[in-house]
Amino acid sequence: DPAQPITIILDGPNYLRWSSAMTSFLKGRKLWRIVTGDKPAPIKRPDETDDSFADRLEDWDSANHRILTWFTNTSVPSVNMHFSRFDLAKEAWDFLASRYTSADLAHQYQLVSTLNRLRQESGQSIDEFHSQMSYYWGLLAVSEPKWHSLSELISEETRRISITSQQSPFIIATTSSAPPHRSDNSRRPHCTHCHRFRHTVKTCYAIVDRPPGKSTGIKNAAATTTAPSDTESSSQIHQLSTADLEALLNQVMSRTGSSAMYATSGNT
């Protein structure tokens with residue numbers, strides 16, 4: 001049939017068989033060079049008349065669109081619907097090759113698995129089985145991964161890792177570079193006797209009598225110690241020296257001893 005020169009209908013997965021049959025047919029019609037681009041549209045020669053050039057251009061354009069028609073008539077609608085945007089048979093051929101020539105590792109693995117499971121069926125001749133195997137070996141041959149594309153992906157991955165590693169120290173430095181907040185104790189009253197804040201030596205309860213209603217002993221010390229906020233307490237701890245801590249400990253121990261002696265004498 002001139003309108004459908006080959007019996008194989010291109011549906012996508014059978015592209016290798018279709019392209020092989022179509023190539024053989026076009027070579028037999030001496031039209032293959034139009035598809036490869038080796039025989040482009042003619043250009044008018046300086047000594048050529050307009051009519052002669054028009055005839056040559058018409059012949060070439062007729063062959064070009066005849067090939068496009070064959071591509072359309074030997075493919076399913078989901079494939080040939082793309083041909084309407086092409087004016088050259090070469091453009092349509094290149095489109096099919098880029099669309100249906102798979103070069104990914106997943107497809108290659110699928111083909112290898114299919115070949116591994118392939119067995120000669122009962123009643124199938126050796127020639128038929130060999131042709132079936134050759135078909136899958138051909139698909140496997142054209143599915144070799146494009147290593148230049150793979151190397152580009154590896155380079156991009158390395159670049160992203162490098163950028164991430166360069167940004168990480170900057171982020172850490174930014175979050176940790178802010179100085180810790182410390183309260184200003186220079187203006188707060190400070191007792192030189194008990195080394196506490198919020199009163200002076202003149203009003204220190206360790207020296208002067210305690211006003212009525214004020215608790216005594218360890219409870220007052222605990223209340224006085226826990227009264228400041230968390231920020232004030234942390235500031236006091238940082239400003240107390242070893243001698244200050246020893247003096248505070250002795251003071252607490254002396255008060256604890258007095259309370260213990262009082263409790264013992266009361267029990268006896």
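Note that the numbering runs from 1 along the sequence shown for the chain.
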Leu10 side chain reached by Val76 side chain, heavy atoms, under 4.5 Å
no

Taken to the nearest 0.5 Å, the spacing of Thr114 OG1 from Met133 CE works out to 12.0 Å

Please confirm whether the ring centroid of Trp70 lies under 6.0 Å from the ring centroid of Trp18.
no

Listed once per pair and sorted, the salt bridge (Lys or Arg N to Asp or Glu O under 4.0 Å) pairs that draw on residues 73-92, sequence neighbours left out
Lys90-Asp94

Sequence neighbours excluded, the answer for side chain to side chain donor-acceptor pair (under 3.5 Å) partners of Asp50 is Lys44

Could I get the full list of ring-ring contact (aromatic ring centres under 6.0 Å, His included) partners for Phe95, not counting sequence neighbours?
His82, Phe86

Those residues that, when tested against Arg56, pass salt bridge (Lys or Arg N to Asp or Glu O under 4.0 Å) (two or more places apart)
Glu48

Apply the test side-chain contact (heavy atoms from CB on, under 4.5 Å) to residues Ile8 and Thr74: give CA-CA distance (whole Å), side-chain angles for both, the deciding distance (0.1 Å), then the verdict.
CA-CA 7 Å; Ile8 302 173; Thr74 57; over 6 Å; no

Measuring only between side-chain heavy atoms, which start at C-beta, is Thr200 closer than 4.5 Å to Cys191?
no

Work out which heavy atom in Leu68 is nearest to a heavy atom in Ala92; give both atom names and the distance.
CD2-CB, 3.7 Å

Show your working on side-chain contact (heavy atoms from CB on, under 4.5 Å) between Ile34 and Trp93 and close with a plain yes or no.
CA-CA 10 Å; Ile34 294 180; Trp93 183 269; over 6 Å; no

Let me confirm one number: the CD1-CD distance from Ile126 to Glu128, rounded to the nearest 0.5 Å.
11.0 Å

I'd like to know whether Phe71 forms a side-chain contact (heavy atoms from CB on, under 4.5 Å) with Asn80, so could you lay out the CA-CA distance, the side-chain angles of the two residues, the decisive distance to 0.1 Å, and finally the verdict.
CA-CA 7 Å; Phe71 288 173; Asn80 59 43; over 6 Å; no

Sequence-distant partners of Lys39, salt bridge (Lys or Arg N to Asp or Glu O under 4.0 Å), two or more places apart:
none

Scanning both residues in full, the closest heavy-atom pair of Ala89 with Ile67 reads CB-CG2, 3.6 Å

Could you measure the distance from the CG atom of Leu26 to the CG atom of Leu31? Nearest 0.5 Å is fine.
6.0 Å

Student check: side-chain heavy atoms of Val79 and Asp11 closer than 4.5 Å:
no

dist Tyr15:OH -> Ser20:OG (nearest 0.5 Å) comes out at 10.5 Å

Find the distance between CG (Asn64) and CG (Asp59) and round it off to the nearest 0.5 Å.
12.5 Å

Those residues at least two apart in sequence (or on a different chain) that pass side chain to side chain contact (heavy atoms under 4.5 Å, CB included) with Thr49 are Asp51, Ser52

Value rounded to 0.5 Å, distance of CG in Leu96 from CZ in Arg99
8.5 Å

Report yes or no: does Ser24 contribute a side-chain atom to a donor-acceptor pair with the main-chain N or O of Ala21 at less than 3.5 Å?
no

Checking side-chain polar atoms at under 3.5 Å, does Gln124 have a donor or acceptor matched by the opposite partner on Gln132?
yes

So, Asp127 versus Ser125: side-chain donor-acceptor pair below 3.5 Å or not?
no

Atom of Trp60, atom of Pro40 and distance for their closest heavy-atom approach
NE1-O, 3.2 Å

